[in-house]
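One structure, as structure tokens, below. Some questions next.
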Amino acid sequence: MSEERDTGKRGRLFEDIFILVSILALWPVVLGWQGLVYEIALYAALGGLIYIFFRRMRRFREARQEMEE
């Protein structure tokens with residue numbers, strides 16, 4: 001059970017760091033920079049954020065089911 005918690009904590013830490021990096025990926029757009037690298041970074045950030053969204057929704061559902069039991 002302890003290993004499971006550590007893995008979960010590391011996963012959430014990775015998600016939080018990725019969210020911060022995704023926010024930083026928006027700055028080239030805000031500054032008006034153009035380029036293929038920035039566009040790829042934006043799409044990668046979008047894909048990662050969608051993945052994180054679904055992971056967190058699944059965890060919330062699991063937590064709600066545990067509370068109902």
Side-chain angles (χ1 to χ4, degrees):
M1 183 112 179
S2 179
E3 279 185 37
E4 197 173 295
R5 285 185 191 169
D6 290 341
T7 304
K9 284 183 181 181
R10 275 190 247 132
R12 286 191 297 272
L13 178 64
F14 174 75
E15 289 176 359
D16 293 340
I17 291 170
F18 188 85
I19 290 169
L20 292 174
V21 170
S22 296
I23 291 169
L24 292 175
L26 292 173
W27 277 101
V29 174
V30 172
L31 297 174
W33 297 348
Q34 295 182 354
L36 182 62
V37 174
Y38 305 126
E39 196 168 325
I40 291 171
L42 286 174
Y43 284 116
L46 176 64
L49 290 172
I50 290 171
Y51 175 74
I52 290 171
F53 173 75
F54 283 113
R55 275 182 51 130
R56 289 191 177 189
M57 289 304 296
R58 184 188 50 163
R59 281 200 308 263
F60 285 133
R61 283 190 198 121
E62 289 172 359
R64 186 181 333 132
Q65 287 174 355
E66 284 181 15
M67 287 180 62
E68 290 175 356
E69 291 176 356

Check your understanding: Side chains of Ile52 and Phe18: does their closest heavy-atom pair fall under 4.5 Å?
Key ->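 They are in contact (side-chain heavy atoms under 4.5 Å apart), so the answer is yes.
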Review point. With hydrophobic residues grouped by side-chain heavy-atom distances under 4.5 Å, do Val21 and Leu42 end up in a single group?
Key: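 Val21 and Leu42: separate clusters.
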Exercise for review: Run the salt-bridge test on Arg10 and Glu15 with the 4.0 Å N-O cut-off and return the result as yes or no.
Suggested key: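 Looking at Glu15 together with Arg10, the answer is no, because their closest N to O distance does not fall below 4.0 Å.
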Review point. Less than 4.0 Å between a side-chain N and a carboxylate O, is that true for Arg56 and Asp16?
Key: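 Salt bridge present between Asp16 and Arg56.
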Exercise for review: Spell out, yes or no, whether Val29 and Trp33 are grouped together once hydrophobic residues are joined by side-chain heavy atoms under 4.5 Å, including indirect joins.
Suggested key: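 In one cluster with Val29: Trp33, no.
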Point to revise | Value rounded to 0.5 Å, distance of CZ in Arg58 from CZ in Phe53 | key: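 It is 13.0 Å, given to the nearest 0.5 Å.
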Check your understanding: Is the number of heavy atoms from other residues, nucleotides or ligands within 6.0 Å of CE (Met67) greater than 12?
Key ->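 Atom CE in Met67 is not packed in, count stays at 12 or less.
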Check your understanding: Which pair of non-hydrogen atoms, one from Ala41 and one from Ala25, has the smallest distance, and what is that distance?
Key ->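 For Ala41 and Ala25, the tightest heavy-atom pair comes out as O-CB, 4.4 Å.
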Review point. Do Ile50 and Phe54 come close enough that some side-chain heavy atom pair is under 4.5 Å?
Key: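 Yes, side chains in contact.
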Point to revise | Nearest-0.5 Å distance, CG of residue Leu26 to CG of residue Leu46 | key: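 Going from the CG atom of Leu26 to the CG atom of Leu46 covers 10.0 Å.
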**Study point:** Heavy-atom side-chain proximity of Glu39 to Gln34 below 4.5 angstrom
**Key:**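 They are not in side-chain contact.
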Practice item. Indicate if Tyr38 and Leu24 have the same hydrophobic cluster label, given that clusters are the connected sets of ILVMFWY residues with side-chain heavy-atom separations under 4.5 angstrom. Key: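 Yes; tracing contacts between hydrophobic side chains, which count when under 4.5 Å, links both residues.
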